[in-house]
Amino acid sequence: MMRLPWFKYHAPRSVAEAAHILAAEGGDAMLIAGGTDLLPNMKRRQQTPATLVSLRQVEGLKRIANGKGLTLGAGLTLSEVVAAPQVREKYRGLWQAAAQVASPHLRNMGTLGGNLCLDTRCLYYNQNEDWRRAIDFCMKRDGQTCWVATRSKRCLAVSSTDTAPALISLGAKVRLISAEGERDLALNELYCNDGIDYLARRPDEILTEVMLPDLAGWKSTYWKLRRRGSFDFPLLGVAAAVRTAPDGTVEEARIVLGAVSSHPLLTEAGQLLVGGKLTDEAIAAVGKKAGAVAKPMDNADLDLYWRKDVVPEFIAYALRELRGDDMSETRMRVTRQLL
Amino acid sequence: MNAKKKLEVVGKSRRRVDARAKVTGLARFADDLTLPRMLHCKLLRSPHPHAIIEAIDVDKARAYPGVHLVLTGKDFPVPFGIMPVAQDEYPLAPERVRYVGDPVAAVIARDEKTAEEALELIQVTYRPLPTIASPQEGLEQPETRIHDYGEQGNIHRNQSYEFGDVEAALAASDHVFEDVFFYEGNNHMAMEQQASLAHIEGDGKLTLSSSTQNPHYLHRQMARALQMPASQIRVIACQNGGGFGGKCDPAGHEIVVSKAALMLGRPVKICLTRQEVFYQHRGRHPILMKFRTGVSKDGKLTAVHLQTLLDGGAYGSHGPASTFYSGVLTPVTYELPRFKFEACRVFTNKPACGPKRGHGTPQPRFGQEVQLDKIAAKLGLDPAEMRLNMVTQADSLTANWLKIGSNGLAECIRQVVERSGWKDKHGKLPEGRGIGIACSTYMSGAGVSIYWNKMPHSGVQLLLDRSGQVTVMCGATEVGQGSDDVLAAIVAEVLGIDTSVVRCVTGDTGLTPVDLGSYSSRVTVMMGNAAMEAAGRVHELITAAAAEQLDTLPEQVVMSQGRVFAADNPNHGMSFVEAVVLAETKFGTLGAVGNYSPPKQPGKYKGSGVGPSPAYSFSACVVETEVDRATGMVHIPKIWVAHDIGRAINAVHARGQVIGGVYMGLSEALMEEQAFRRLPPKLSAALVHRIPSMLEYKTLTALDMPDVEVMLVEDPDPNCPFGAKEAGQGPLLPVMPAVANAIWDAVGVRIDEVPITPDKILRALVLKREGKTPRIGPESFPEVPYPESVFVLPPGEGGDGNESKNVSRPSAQSSQSSHSRMEVTAS
Amino acid sequence: MGITATVPGKVHITLKVNGEEMEVSFAPYKTLLEVLREDLGLTGTKHGCELGECGACAVLVDGAPLLSCLTLAIECEGRAIETIEGLANGPELHPLQEAFADLGGSQCGYCTPGAIMTAKALLDNEPEPSSQRIKEAMAGNLCRCTGYQQIVESVEKAAGCCRHAERVKA
Ligand SMILES: Cc1cc2nc3c(=O)[nH]c(=O)nc-3n(C[C@H](O)[C@H](O)[C@H](O)COP(=O)(O)OP(=O)(O)OC[C@H]3O[C@@H](n4cnc5c(N)ncnc54)[C@H](O)[C@@H]3O)c2cc1C
Ligand code: SF4
Ligand code: FES
Ligand code: FES
């Protein structure tokens with residue numbers, strides 16, 4: 001049986017209390033929400049916090065508030081996010097992304113906040129300690145070299161969250177609270193393109209909620225590439241959101257790629273669509289442009305060149321769905337369920 | 001049984017006898033066991049793929065609070081191994097480690113956590129040796145020897161057989177096709193991780209309860225490795241949470257906890273982690289294969305020359321048998337007048353390969369069935385028709401002297417063709433959609449035991465008493481396949497009672513008669529025949545006693561539905577319990593034994609022991625695919641499979657075995673691979689399992705599994721109990737080639753390699769677009785120093801089953817040089 | 001403030017398992033899986049990876065199927081835990097248990113407790129699931145024996161039986 005290391009454990013009741021504990025414990029403390037990312041990592045000794053500060057009993061983190069847009073508490077489980085009718089109706093890309101995370105059980109456990117703060121992943125790193133010892137560890141933990149690119153100065157571990165690309169395409173912001181105060185950040189700014197320091201969040205900050213703007217006139221979608229219909233992390237996530245005029249002319253468009261970099265990749269390819277219609281040619285051009293910036297590495301499942309080759313195709317799936325094409329057959333083939 | 005009755009139990013869909021325990025959580029798997037004062041064991045494993053152990057310092061670990069014992073290689077001087085010719089493993093490596101994960105030390109402590117913490121205190125000094133990562137490297141670097149036994153260098157097993165002059169037949173063929181295929185290794189990934197609990201009974205004897213498919217072989221190897229009389233050891237096979245071949249080998253950890261229990265006088269348990277299960281492995285061998293196949297114009301086989309190269313991993317395991325199986329069953333499906341088969345198994349610094357569902361045969365079956373599809377395409381024949389035209393016949397002999405009994409292959413082909421709508425689909429579906437067919441066969445038990453002996457392969461003992469209870473005991477092992485249910489069903493059928501009356505006691509070397517174990521699909525046939533014999537003997541006693549009471553002849557007495565009565569007067573009779581009382585009164589304490597040994601086989605040459613079976617099952621499979629041309633992603637909407645099972649003992653579970661086999665075959669076809677990673681050699685000698693986890697070792701989930709339509713072809717085989725042949729392995733075999741063939745039909749590309757992943761398909765599609773050969777697969781087959789062939793004349797050429805020495809074979813010298821007349825197609 | 005735990009040491013809490021209150025003390029690093037199996041002797045819940053990758057350890061917590069291998073036992077106080085041991089009503093099997101036993105939903109039986117508990121949560125919420133919905137709900141329970149088809153058939157059959165039982169009651 002894989003077992004957790006020893007840790008101290010706190011279960012605060014309020015954000016303030018949690019923030020206070022985090023501040024007092026210093027860098028050796030970590031938050032635990034659903035634990036579905038942190039606990040496997042601890043069992044494999046990739047992460048070994050001395051103290052766990054549990055968010056489970058913290059009040060207010062499961063809030064769903066309608067205002068001008070929608071506010072989602074970081075403590076909502078992904079199943080709760082999927083079940084929220086507002087998400088399904090108005091923020092379809094998020095709904096589709098959340099519904100494709102991991103497996104049904106893991107969605108019942110894993111939270112939105114945890115998904116946004118998910119550790120970056122790499123096949124040289126998501127391994128037991130003795131496995132990592134056999135390669136003399138790597139830069140991300142206990143070692144020197146990055147085995148994915150031995151000359152790389154930085155870790156190239158992959159941002160593997162499904163909901164972050166979707167939320168970025170939807171223009172989401174997040175609130176971070178610490179003992180020192182609170183700040184709001186565009187979600188895109190929460191991420192850094194570095195496999196080790198992948199979050200701009202300070203260790204003493206708690207992500208408490210996600211704020212979505214009112215998106216009247218927008219449509220969004222999320223397409224995920226993975227081997228199986230369940231369990232697997234994304235090998236590519238394509239989140240797309242467009243606002244179109246009644247005649248179908250694109251007024252605004254955002255295309256975000258997940259799992260092809262150490263952070264969710266907000267591409268500039270969306271600009272190509274603005275002012276035109278979602279024609280096959282425009283879609284192909286966007287696919288080409290966005291595909292060029294995707295940098296999959298040999299540290300996840302399947303052949304990396306293939307993963308890069310199919311980026312334009314997945315972007316096309318997304319944009320065709322937004323155009324109104326019936327994509328159900330493709331969706332069934334790729335996702336194995338309708339979304 | 002004289003007074004015939006209709007089958008009442010056999011063939012019905014019934015709740016299996018062990019189902020209730022399984023759905024209530026009461027079934028006890030090895031890790032579910034606990035005993036008072038139980039201690040826990042953890043193993044320290046090598047971080048090096050190949051190294052000499054220079055020193056081990058365990059003092060700190062020994063002194064760690066809560067630690068009771070630390071063991072190292074020194075404590076285990078005697079090697080073991082399942083095959084007498086490959087006893088090359090130590091429970092803990094004494095001086096050399098041969099793969100990342102080779103166990104070197106064990107800590108026994110009050111709990112797992114303490115043991116784990118103490119492992120970190122053990123200091124091992126290693127001197128690394130060069131790493132051998134593939135059979136090709138093993139052949140090229142014979143001076144870096146992984147073992148100092150074997151044929152030469154790193155060649156563990158090397159063999160060559162020729163049945164008739166194959167070169168001459170190829171030279172005379174209208175066409176010769178030459179293809180190279182590769183089948184990647186893969187793991188069983190049984191859901192249960194192996195666990196074992198050893199303890200000392202009150203009488204001082206050792207008992208090991210373990211996740212094992214083969215308690216009998218384990219029993220023997222424990223006696224050997226622990227240097228104690230087998231009579232002092234009892235091995236209990238617990239419920240197994242799946243086996244698929246992964247729990248066939250005796251494992252080092254089983255011997256380690258036994259030794260620890262003996263030394264400490266306390267129960268000691270170990271449960272492997274999932275990563276350790278991938279290290280213990282014994283899974284499918286990666287095999288590179290080359291087929292040279294001669295065909296006549298009308299699509300009949302003239303000869304096959306098959307060469308295989310097996311990546312054995314670091315230890316022998318079942319390797320000698322696996323090497324044979326990479327070829328010997330090739331001639332069983334289609335008429336093949338001549339056959340040459342060369343096979344070589346090489347040691348590498350990876351976890352040992354061994355038997356997985358289909359043991360050694362899925363790989364060549366994949367090659368052969370894909371090559372046949374190419375041949376059909378080339379000759380313009382319908383692949384199903386072509387196969388149908390050359391199926392082997394019932395009661396025939398193959399070129400390599402295997403005796404085929406019943407044979408339902410033709411019917412299997414007809415049924416899948418019919419049900420799948422093959423005729424309207426093959427070659428006719430729109431671009432991107434396709435359909436493919438493949439066939440196969442498998443043994444219902446191996447003709448000889450793993451160690452040489454003339455004793456029964458299976459024994460069954462039956463006990464009855466005046467209470468009416470029936471206890472049946474057999475060494476056979478439940479791994480999920482339903483062996484307990486088969487045992488109960490056969491006894492119940494013969495005695496005319498319900499299976500709920502029968503209590504099964506199985507897989508316990510301290511109580512049950514020897515059965516060789518749950519491997520090679522042998523249980524239904526061998527245990528079943530033994531059970532038939534035992535139950536028949538009891539039937540005789542009961543009917544004799546009842547006949548007196550009923551005033552009729554014993555032959556006239558019928559046992560049916562819990563009653564015993566005269567055939568001509570069914571109302572005149574008694575209950576089963578009353579009849580048992582009469583029998584116990586008349587004959588004294590009731591019981592009987594039965595046993596089974598497979599029939600003698602016609603092949604007499606050295607090596608002819610591998611391949612023969614009392615009966616062969618046959619399967620045919622049709623797979624439909626949709627291939628996305630932009631991504632190479634494959635969708636499988638449906639699979640049809642027909643399996644010649646002889647007779648289904650329990651219809652619902654026979655179907656379950658078939659679907660389960662198809663599932664595993666499809667999972668292998670599309671994604672399963674035991675792949676390894678090497679770091680840049682300048683920086684590191686590491687050679688690690690790429691993905692030793694259930695997340696990254698991909699297997700199909702419920703959402704990925706297509707609908708499977710199963711047809712059971714029931715043509716009872718006279719060698720089998722109620723005619724029942726195997727179903728556990730055969731139906732897996734045709735799936736992988738059928739997938740490959742369906743992809744060809746869909747988009748016109750050949751993937752001559754398993755697994756068939758979307759990146760390979762897309763690469764092939766690009767080649768096709770560029771006008772190049774649209775194929776992905778190995779480019780060539782290396783020079784392998786195969787030995788001179790053992791030459792045996794096939795039955796059709798006047799042979800007697802013995803090796804023919806000094807026959808003149810004109811073509812042998814000029815081999816491969818005389819292709820002037822014929823066209824060699826690298827298809 | 002809620003529970004806290006220190007190193008080394010044990011926590012002592014009350015868990016509600018299958019409707020029964022059970023007092024138990026354990027080291028805080030233990031997951032619900034370990035506590036159920038090792039401290040409460042409820043070995044019906046299985047494990048295949050302990051990393052959230054197989055579903056063998058699924059139990060219901062407050063009615064939802066969770067992975068006990070990634071649930072800290074210390075976080076389970078006050079929550080209703082259901083395991084396979086609590087499913088049958090005395091000698092009477094739950095319709096899911098009946099169906100799995102009769103239709104081949106269980107071969108080796110190792111994935112069975114997790115699969116049945118997952119299916120129970122599904123049927124409690126959706127009495128008439130389509131086979132596609134069943135597959136979606138069971139997509140987190142790996143099985144190496146059945147190829148899933150007979151599992152899906154078992155759940156379908158049980159759904160029918162549950163609905164029938166409801167109608168009879170009504
Ligand atoms: C087998 C398996 C498959 C998976 N597949 C996927 C997948 O396909 N897609 C995917 O996106 N994820 C996947 N996951 C990862 C994980 O289940 C999800 O990302 C989940 O949403 C994580 O949420 P959590 O609450 O469990 O996070 P935790 O494990 O509790 O936390 C994750 C990280 O976030 C931090 N954190 C948590 N909450 C907060 C907060 N409020 N403020 C600041 N920091 C916080 C933690 O300290 C930790 O570093 C998978 C996991 C497993 C085990
Ligand atoms: S990308 Fe490089 S440094 Fe980062 S986890 Fe992977 S191997 Fe380690
Ligand atoms: S044990 Fe595999 S998911 Fe929990
Ligand atoms: S029945 Fe064996 S794993 Fe599912």
Side-chain angles (χ1 to χ4, degrees), chain A residues 1-6 40 43-45 102-104 121 123-124 126-136 138 144-145 147 150-151 225-233 287 298-314 316-317 329-330 332-337, chain B residues 31 40 44-49 100-101 111-113 116-117 119-120 193 195 271-276 626 628 630-635 637 667 670-671 677 679-680 682-684 686-696 698-705 757-763 766:
Chain A
M1 184 99 75
M2 301 278 296
R3 294 186 196 262
L4 289 165
W6 285 95
K43 285 187 177 182
R44 291 184 297 235
R45 307 299 190 267
S103 73
R121 297 183 61 85
L123 284 182
Y124 291 91
N126 295 95
Q127 302 278 4
N128 293 354
E129 189 175 24
D130 59 335
W131 189 99
R132 286 180 288 127
R133 183 169 297 122
I135 61 160
D136 203 16
C138 77
Q144 310 299 319
T145 313
W147 293 113
T150 48
R151 278 199 233 128
L225 169 65
R226 59 171 161 182
R227 232 20 125 141
R228 307 177 289 178
S230 180
F231 285 111
D232 297 340
F233 282 90
D298 183 24
N299 56 358
D301 186 29
L302 282 170
D303 179 77
L304 76 120
Y305 301 103
W306 179 80
R307 280 188 270 133
K308 185 164 169 68
D309 284 346
V310 300
V311 174
E313 193 61 19
F314 272 70
Y317 296 157
E329 220 175 275
T330 312
M332 206 55 199
R333 205 183 65 231
V334 171
T335 309
R336 314 225 175 278
Q337 61 185 46
Chain B
D31 194 39
H40 297 263
L44 182 71
R45 292 174 180 271
S46 165
H48 297 283
V100 171
D111 52 38
E112 270 198 331
K113 179 101 171 144
E116 204 175 273
E117 285 161 2
L119 285 183
E120 293 182 19
Q193 305 157 103
C271 180
L272 302 189
T273 62
R274 182 52 59 181
Q275 176 184 281
E276 289 179 292
E626 293 170 20
D628 181 48
T631 60
M633 290 169 85
V634 177
H635 172 62
S667 196
L670 299 178
M671 49 186 75
R677 201 187 267 290
L679 298 184
K682 271 201 204 124
L683 300 175
S684 165
L687 176 67
V688 284
H689 193 303
R690 256 177 85 95
I691 41 171
S693 71
M694 285 174 124
L695 174 62
E696 296 299 341
K698 305 294 180 190
T699 60
L700 301 174
T701 72
L703 279 173
D704 309 303
M705 186 60 196
T757 49
D759 52 302
K760 294 178 190 170
I761 297 175
L762 189 62
R763 255 166 40 224
V766 170

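Naming: A, B, ... by sequence-line order, numbering from 1 per chain.
- Expressed to the nearest 0.5 Å, how far CD of A:Gln144 lies from CG of B:Leu683 amounts to 12.5 Å.
- Comment: B:Asp704 does not engage A:Arg227 in a salt bridge, judged by the lack of any side-chain N to carboxylate O separation of less than 4.0 angstrom.
- Between B:Ile691 and B:Lys698 the shortest side-chain heavy-atom distance does not fall below 4.5 Å.
- Considering only heavy-atom pairs separated by less than 4.5 Å from chain B, the leading option among A:Asp232, A:Thr150, A:Thr335 is A:Asp232.
- For a residue to count as touching a neighbouring chain, one of its non-hydrogen atoms must lie under 4.5 Å from one of that chain's; by this rule B:Arg690 touches chain A with backbone and side chain alike.
- Residue contact with chain B, scored on non-hydrogen atoms closer than 4.5 Å, involves the backbone of A:Leu4 exclusively.
- Looking at A:Leu302, only its side chain comes within 4.5 Å of chain B, counting heavy atoms on both sides.
- Between A:Tyr124 and A:Arg132, the shortest heavy-atom contact is O-CG, 3.7 Å.
- With a 4.5 Å cut-off on non-hydrogen atoms, A:Ser230 touches chain B through its backbone and its side chain both.
- For B:Pro758, the parts sitting under 4.5 Å from any heavy atom of chain A are the backbone and the side chain alike.
- Contact annotation for A:Asp309: only side-chain heavy atoms (C-beta onward) come within less than 4.5 Å of a heavy atom of chain B.
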Mind running side chain to side chain donor-acceptor pair (under 3.5 Å) on A:Asn126 and B:Glu696 for me, showing each step along the way?
CA-CA 10 Å; A:Asn126 295 95; B:Glu696 296 299 341; over 6 Å; no

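- The shortest side-chain heavy-atom distance between B:Arg677 and A:Leu123 falls under the 4.5 Å cut-off.
- If you measure heavy-atom distances from B:Glu117 to chain A, the contacts under 4.5 Å come from the side chain alone.
- Salt-bridge check for A:Arg121 with A:Asp301: failed, with every basic side-chain N at 4.0 Å or more from each acidic carboxylate O.
- Most heavy-atom pairs under 4.5 Å with chain B, from the set A:Glu129, A:Arg307, A:Met1: that is A:Met1.
- What you find for B:Lys113 and A:Pro5 is that their closest heavy atoms are NZ-CA, 3.2 Å.
- Looking at B:Thr631, the atoms closer than 4.5 Å to chain A (heavy atoms on both sides) sit in the backbone and in the side chain alike.
- Side-chain atoms of B:Leu687 and B:Val100, non-hydrogen and from C-beta on, never get closer than 4.5 Å to each other.
- Looking at A:Ala316, neither its backbone nor its side chain comes within 4.5 Å of chain B, counting heavy atoms on both sides.
- Residue A:Tyr305 does not touch chain B at all, counting heavy-atom pairs closer than 4.5 Å.
- Using a 4.0 Å cut-off between a side-chain N of Lys or Arg and a carboxylate O of Asp or Glu, A:Arg45 and B:Glu116 qualify as a salt bridge.
- Annotation: maximal heavy-atom pairing with chain A below 4.5 Å, among B:Val688, B:Thr699, B:Leu679, B:Leu762, occurs at B:Leu679.
- Chain A forms more heavy-atom pairs under 4.5 Å with one residue of B:Leu700, B:Asp31, B:Leu695, B:Thr273 than with any other, namely B:Leu695.
- For chain A, the option among B:Leu670, B:Asp628, B:Thr757 with the highest count of heavy-atom pairs below 4.5 Å is B:Asp628.
- Ranked by heavy-atom pairs under 4.5 Å with chain B, the first of A:Met332, A:Arg333, A:Gln337 is A:Arg333.
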